[in-house]
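Note that the coordinates shown come from a computational prediction; the quantities given were computed from them, not determined experimentally.
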Amino acid sequence: MNKRLYKSSTDRVISGVIGGFAETYNVDANLLRIIYTAIAVFSGFFPGLIIYLVAMVVVPEKS
């Protein structure tokens with residue numbers, strides 16, 4: 001069971017990172033977006049923004 005994380009090419013709002021997590025772990029992307037937004041709001045936006053920007057660079061596109 002070798003799952004690799006890729007950016008989603010179909011379920012994307014900004015870059016496909018959260019859609020890729022949803023596809024990899026078989027969860028609803030909208031639920032993950034709500035959870036991510038809540039965490040970002042309650043942590044002061046900056047840490048969540050940095051994590052997302054790093055993920056945009058590090059997570060590869062699915063070819």
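Listed by first then second residue, pairs satisfying salt bridge (Lys or Arg N to Asp or Glu O under 4.0 Å) with a partner in residues 35-47 number zero, not counting sequence neighbours. Residue pairs meeting the salt bridge (Lys or Arg N to Asp or Glu O under 4.0 Å) criterion with at least one partner in residues 11-36, sequence neighbours excluded, are D11-R33, R12-E61.
Every residue two or more places apart in sequence or in another chain that forms a side-chain contact (heavy atoms from CB on, under 4.5 Å) with I35 is listed here: L31, I39. Checked against side chain to side chain donor-acceptor pair (under 3.5 Å), Y52 has the following partners two or more places apart in sequence or in another chain: S15. F21 pairs by the side-chain contact (heavy atoms from CB on, under 4.5 Å) definition with L5, V17, Y25, L32, not counting sequence neighbours.
I18 is connected to V13 through a chain of hydrophobic side-chain contacts under 4.5 Å among Ile, Leu, Val, Met, Phe, Trp and Tyr, so both are in one cluster. Note on V57 and Y6: separate hydrophobic clusters, where clusters join Ile, Leu, Val, Met, Phe, Trp and Tyr whose side-chain heavy atoms are under 4.5 Å apart, directly or indirectly. Hydrophobic clustering places L53 together with I14 (ILVMFWY residues linked when any side-chain heavy atoms are closer than 4.5 Å, directly or through intermediates).
Distance alone, capped at 3.5 Å, places no donor-acceptor pair between the K7 side chain and the P60 backbone.
Scanning all heavy atoms of the two residues, the minimum distance from S8 to G19 falls at CB-C, 3.6 Å. The minimum heavy-atom distance linking S43 with G48 is given by the pair OG-N, 4.3 Å.
Cluster partners of V41, using a side-chain heavy-atom cutoff of under 4.5 Å among ILVMFWY residues and allowing indirect links, are F45.
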